[in-house]
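Everything quoted here is computed from the prediction, not taken from an experiment. Convention: sequence-line order gives letters A, B, ...; per-chain numbering from 1.
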Number of protein chains: 2
Amino acid sequence: MTGIVEVAARAGVSVATVSRALRGLPGVAAKTRKSVEEAAAELGYVASPSAAALPTGRTGAVAVVSPVARGWYFTAVCEGAQDVLTANGYDLLRYELSDVETDRRRVFDTQLLRKRVDAIVIASLRLTNDEVEALYAMNRPVMAVGPIVPGMPCVRIDDVEVGRVATEHLVQLGHRDIAFAGGDPDDTLGFPVSPERRSGYVEALHAAGIEPDPAMTVPAKFTVEAGVEAYAELRSRGVNPTAVFAVSDEVAMGIMYEARRHGVRIPEDLSVVGVDDHDMSWLFGLTTVAQDVREEGRIAASTLIERLRSGIDRETSVTTVPATLVVRSSTRRLEP
Amino acid sequence: MTGIVEVAARAGVSVATVSRALRGLPGVAAKTRKSVEEAAAELGYVASPSAAALPTGRTGAVAVVSPVARGWYFTAVCEGAQDVLTANGYDLLRYELSDVETDRRRVFDTQLLRKRVDAIVIASLRLTNDEVEALYAMNRPVMAVGPIVPGMPCVRIDDVEVGRVATEHLVQLGHRDIAFAGGDPDDTLGFPVSPERRSGYVEALHAAGIEPDPAMTVPAKFTVEAGVEAYAELRSRGVNPTAVFAVSDEVAMGIMYEARRHGVRIPEDLSVVGVDDHDMSWLFGLTTVAQDVREEGRIAASTLIERLRSGIDRETSVTTVPATLVVRSSTRRLEP
DNA sequence: CTGAAAGCGCTTACAG
DNA sequence: CTGAAAGCGCTTACAG
């Protein structure tokens, strides 16, 4: 493996000069820099990140920590983050966290993460207070994408607003019997996304003079399968919504699938609105409150890089990106 | 950051002993090992991968290199690989390669990759001969998932067989006018997947005494959008297939979407079969030749780890995993 | 079974 | 503007 000494020999300078020249540090004569750069290029030399990390403490890598969830959402966050990380010479390390406590401890309790990466993106992950503490103790810039983590800077959408916009759309189409599918009864960590979207739903109903019917709220995690179950639950309860607001597009897809399986036509018999604008939502003609998840990943990464440049601080600013209603064919005016 | 000297101090031994004890090396007294492990646990100590990489040359990380393609496929490969890498204490580094040559050179020409990781998974990436050479020059175990790369070990499905199985299914349902959607006219790197699946298609047709009609083959990359365009192209050519074999499920989804938009019913008017068993295929009732992509990722990762343990060799074995027809509701017998 | 010391490939004060 | 040298945190012959 070509190392810095070979480059130095070839360029006829010391390794110190090579180091400075290649990193664009000031105080290197222009022609010296040029010949070093040439020598490095000819040899295909790049400084070993491991070796450079030792004296500097910088690894040149950023971690994206997400749940094991194999969803479109986390993929999109990573893609966005990767775009800007690559462009800035950082590598992207992926950590998937299960719900198993021991697995999580491995990441949070040990200092592995801290020793591996310069900064951390938390992608829509439910964290315990201890985990938040551990994250801070790492003394590395952290950025959350998704729900607000107290004391942590964050990129997000306004989930209450999202719920309101989705529900208002249905109300304006004349619907009054509007169900909500979302919220995970198993969630021990208080993941706020579903409750907030439901708050918006409740607000919008109240604003329209509609009293929310508890029987119209059915639980659903963020998966297609959960949507299927949610619709089944709705039927088994014997309630008859004319519209459903699903906590995510994947849930909405499951609802549409199951409804059709029961001969319920969409949108003639049932209007459905989701959240996200999943890559495949247009295929289903799904009306949705769209968010640009890749952009959120990009913002998270560039914020971290900026922070890395300017020195670590404990910023906690929250960036709220817009979410906009995209009307397609899964919702329609309620025929009286 | 707690380092090895603190652990040594706490355990009352030398750093050499700590190093040996923690890595499970032989020649450490049982009680010594125990007290070292306790000290390390109390301090939350983990050896710095960067520092350890310097003397050993091992980084404890594995790269997954894939195209920028934001597809389900690459995500699934990564998920599978991550499962086994995490379980074995390796971290997963993600590299997305664009089609832009300069971006690719950054990965292949420089020795960054080699200095960053111990092994490399190539996920269904079209490589030039130079890139294959560069990969070998890195002297790191490499494993391809997807198409065979000459001289490189690989996990794959038999794409000719896949094409044959899909087409035979349609033939057995009485179809004779069977279109094929796949193959990328822009592909300069000779990506073999589509051509091989088409070979299977041609073979199956011949076996049934059907002469393939060139007008029945339309190009399509591996995306939903390409499927939409492929169906549009089929219409504009004025051919009237009663069935289509799509090179992937995403292409099939696009075809179904566009066909229905034109009032063509599936499967009454058109049978469609894809390849992959994409996570969402069941939602579309899509008949498909299923492959277990996550398992392929797992196999790739465990093969690499095995190779890492046993020392680097230039193995080139090809592991072919099964692909099986899953019949759902997008295909049906042709009514005479 | 254990420890002292050299060395991995860089970066960075410190001198000049 | 440039170089010699110390040091980053580990691992690994080499002694004992």
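Annotation: side chain of A/L112 is in contact with side chain of B/D91 (closest heavy-atom distance under 4.5 Å).
Of all nucleotides listed (C/dG3, C/dT2, D/dT11), D/dT11 comes nearest to the side chain of B/A52. Taking every side-chain heavy atom of B/P55 into account, C/dC8 is the closest of C/dC8, C/dA4, C/dC10.
Spacing between atom CZ of B/R33 and atom P of C/dG3 amounts to 14 Å, rounded to whole angstrom units. To the nearest angstrom, C1' of C/dG9 lies 18 Å from CZ of B/R58. Taking atom CG on A/L22 and atom C1' on D/dT2, their separation rounds to 16 Å, with Å as the unit. Here the P atom of nucleotide C/dG9 and the CD atom of A/E6 are 9 Å apart, to the nearest Å. Remark: P of D/dT2 and NZ of A/K34 are 14 Å apart, rounded to the nearest angstrom. Separating the CD1 atom of A/I4 from the P atom of D/dG3 is a distance of 12 Å, rounded to the nearest angstrom. A/L25 has its CG atom 10 Å from the P atom of C/dA13, to the nearest Å. Taking atom NZ of A/K31 as the reference point, atom P of D/dT2 lies 10 Å away to the nearest angstrom.
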Can you list the steps and then say if A/K34 with A/E37 is a salt bridge (charged side-chain N to carboxylate O under 4.0 Å, His left out)?
-> CA-CA 5 Å; A/K34 186 149 169 290; A/E37 281 166 351; over 6 Å; no

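For A/S19, a side-chain nitrogen or oxygen approaches OP1 or OP2 of C/dT11 to under 4.0 Å. Distances shorter than 4.0 Å separate some side-chain N or O of B/R23 from OP1 or OP2 on D/dT12. Considering only side-chain N and O atoms, B/T17 lies nowhere under 4.0 angstrom from the phosphate OP1 or OP2 of C/dT2.
Using C1' as the reference atom, C/dT12 and C/dG16 are 16 Å apart when rounded to the nearest Å.
Place A/A51 and B/R20 on DNA chain C by their nearest nucleotides, and B/R20 ends up nearer the 5' end. Mapped onto DNA chain C by nearest heavy atom, B/V13 and B/K115 fall at different nucleotides, with B/V13 at the one closer to the 5' end. Of the two residues contacting DNA chain D, namely B/L54 and B/A16, the nearest-nucleotide position lying further toward the 5' end is that of B/L54.
A/T32 comes within contact range of the sugar-phosphate backbone alone, with a heavy-atom separation under 4.0 Å but no base atom that close. Residue A/G3 is in sugar-phosphate contact alone, with no base atom involved, counting any heavy-atom pair closer than 4.0 Å across all strands shown.
Salt bridge status for A/R294 with A/D83: absent, with no side-chain N to carboxylate O gap under 4.0 Å.
Nucleotide D/dA13 is matched to nothing when pairs are restricted to Watson-Crick or G-U wobble geometry with both distances under 3.5 angstrom. With a 3.5 Å ceiling on both atom-pair distances, D/dA4 lacks any Watson-Crick or G-U wobble partner.
A side chain to side chain contact (heavy atoms under 4.5 Å, CB included) with A/M143 is found for exactly one of A/V62, A/I122, A/V155, namely A/V155.
Residues B/R10 and B/S35 have side chains that never bring a donor and an acceptor to within less than 3.5 angstrom of each other.
When atom types are taken as modelled, the side chain of B/E131 and the backbone of B/F108 share no donor-acceptor pair closer than 3.5 angstrom.
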